[in-house]
Amino acid sequence: MSMRIRSNLFLTVGLLAAVCLTGCENGQSKKDEKPSISFMSIALSQDVLSRRGSQKIVSAYEEYTGIQVDWTWVMSDVYGETLSYVMRDKSNLPMIVTYGGELSGDVVKEARNGSFWDLRPFLEMEELFPNLSQANEKILNALTVDGEVIGIYRSREIGRYGLSYRKDWAEAVGITEEPQTAEDVYELLYRFTWNDPDGNGKDDTFGLEMTRYTGSFDIIQTWFGCGNQWVEEDGVLIPVHETEAYLEALNWLRRIYEDGLMRPDWPLVDSETSGNALKNGQAGAVVNVMGDGTRAWRYYEENGISSVAEEGENASICMVGPIEGATLATSGYNGFFAITKAGAKTEEDVSQTDGAQYGLNQAVCYIPRLSNATHPEKQSVMNQAQEAAYERNREAAVYNPASGYLPQSRVFEEKGTTLDAIIEDARTMYVCGQIDEAQWREEIERWNQEGGAALKEELNQLHQEK
């Protein structure tokens, strides 16, 4: 690679470094004409970059990088569908696209079709990218396809997931100790639903907040010992949905649904609204990121939402984290940024939160992962509680033993998206009582026939080789 081409490629990777708050030195000379790049990212609201002060932030990073960014913002609920369409239109593909979640079979297929630039050589340049070069190798392995790193991950706290609930509601219904078991959680949700926790004399509350985002179920399943997507038993990798612990978890969730402890229309509720029911007093608990609990608590403080148990106090949240000594580990990242070869057609072409910055966190990779522990500042009570929950969660986090093998799997590339949909749809139908256990097992068999059996064989071969 020529020095001129290499320096051009540096510029786009450098944009990621700057937009992702890496603090890298900008070695590019300022020009009257700023080079422009296109960036497609996830929008959490309709007003990204239109709030007061947002343009000051835009001006600041453009001044720092010497680059103009042409943003395309797509709402989170339709992002996956929109991205699939965009990736087919190679003539108008953005230079940088954001992927949410973990690597999917569709992304692996795109990578093998040569859609993305290999970023490995640039992440190894410590002098030029002192922060991005600190990327965790284990996480990069999960974004490596045929030896090429296809994306820069958006770092996330390993212990991010767990149970949060309204502390004042719990006190109002006679629960003074944090739940430790799944049955404790059931009792908490039952009382939040049927014991009038807000004291208004109306039947207008339910225990567990749920939307059509089913990541909450993944977290809950770890309470029953079934693992995280895959589990290793006697050296063999097994998909968790084939374990009896998984079925036990499904039966618990079905019981929650049948007893009315979560809203009956949850599969139709926009995931964008996650956390709202906890804020507005409809629900008393959420199983998701601990940040949902923190945001609800902050909402109570900022809006003077009174405690129903202690006069003169605001409502507050108890962030428990793990139940039964377990919670779901994150993959260490939540989505990633890929540089497309259709948007940046040649190596030379590659040169080319609640406030003003709200929404821009969707374009931040957080490498290295800074924390309040490593960069302390004055902490609020709620932030201290969140950090304590993170610490508990890290110790109880259940990892996916197959995460490093999936990007290498040909079956996952071809069938992964279809296979995931079979299990997710069947789980939703089972929890909602639309299919029985026999039909659930039929769906597992269909998963095997549609490519699951071949996926198990391939992943275990990779596992044994390693």
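- Taking both residues in full, the closest heavy atoms of L93 and T340 are given as CD2-CB, 3.5 Å, listed atom of the first, atom of the second, then distance.
- Below 30°, between 30° and 60°, or above 60°: for Y165 and F192 the angle between ring planes is between 30° and 60°, a tilted geometry.
- Under 4.0 Å is where a charged nitrogen must lie from a carboxylate oxygen, and between R120 and D118 no such pair does.
- Cation-pi geometry between R254 and Y430 is met: the NZ or CZ atom falls under 6.0 Å from the ring centre, inside 45° of the normal.
- Heavy-atom contacts from other residues, nucleotides or ligands closer than 6.0 Å to CD of E126 number 12 or fewer.
- Side chains of I96 and M40 form no contact here, defined as non-hydrogen atoms less than 4.5 Å apart.
- E157 places a side-chain N or O within 3.5 Å of a backbone atom of G159 that can act as its donor or acceptor partner.
- Counted within 6.0 Å of CD on E457, heavy atoms from surrounding residues, nucleotides or ligands total 12 or fewer; the atom is thus considered open.
- Counting only distance, with no hydrogens or angles, the side chain of S409 and the backbone of Y405 share no donor-acceptor pair below 3.5 Å.
- Under a cutoff of 6.0 Å and an axis angle of 45°, R166 and Y300 form a cation-pi pair.
- A donor-acceptor pair is defined here as one N or O able to donate and one able to accept, closer than 3.5 Å; such a pair exists between the side chain of E324 and the backbone of A182.
- Figure legend: cation-pi geometry between R255 and Y186, with NZ or CZ positioned under 6.0 Å from the six-membered ring centre and within 45° of its axis.
- If you check the side chains of D420 and T417, you find no donor sitting under 3.5 Å from an acceptor.
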Q.
The test is side chain to side chain donor-acceptor pair (under 3.5 Å); show your working for N288 and D292 and say whether it passes.
A. CA-CA 7 Å; N288 200 354; D292 275 0; 3.2 Å; yes

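- Side chain of S316 to main chain of K167: no donor-acceptor pair is present (N/O by atom type, distance under 3.5 Å, no hydrogens or angles).
- Relative orientation of the W71 and W73 rings is parallel, given thresholds of 30° and 60° on the angle between their planes.
- A donor-acceptor contact shorter than 3.5 Å links the side chain of E209 to the backbone of A277.
- The CZ atom of R112 lies 10.5 Å from the CD atom of E148; values are rounded to the nearest 0.5 Å.
- The residues E242 and K456 are annotated as salt-bridged, a charged nitrogen and a carboxylate oxygen being separated by less than 4.0 angstrom.
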Q: Go through the steps to decide whether E124 and S133 satisfy the test side-chain contact (heavy atoms from CB on, under 4.5 Å), and finish with yes or no.
A: CA-CA 6 Å; E124 294 175 347; S133 63; over 6 Å; no

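- For W266 and F217, the gap between ring centers is short of 6.0 Å.
- Not a single donor-acceptor pair under 3.5 Å links the side chain of T330 to the backbone N or O of R160.
- Panel note: side chain S271, backbone R212; no donor-acceptor pair is recorded below 3.5 Å.
- Taking the centre of each ring, Y153 and F336 stay at or above the 6.0 Å mark.
- We find that E437 and R441 are joined by a salt bridge, their nearest charged nitrogen and carboxylate oxygen being less than 4.0 Å apart.
- In E81, the CD atom is not crowded: 12 or fewer heavy atoms of neighbouring residues, nucleotides or ligands sit closer than 6.0 Å.
- Formation of a donor-acceptor pair under 3.5 Å by the D70 side chain with backbone atoms of S38 is not found in this model.
- L278 approaches A296 most closely through the heavy-atom pair CD2-CB, 3.7 Å.
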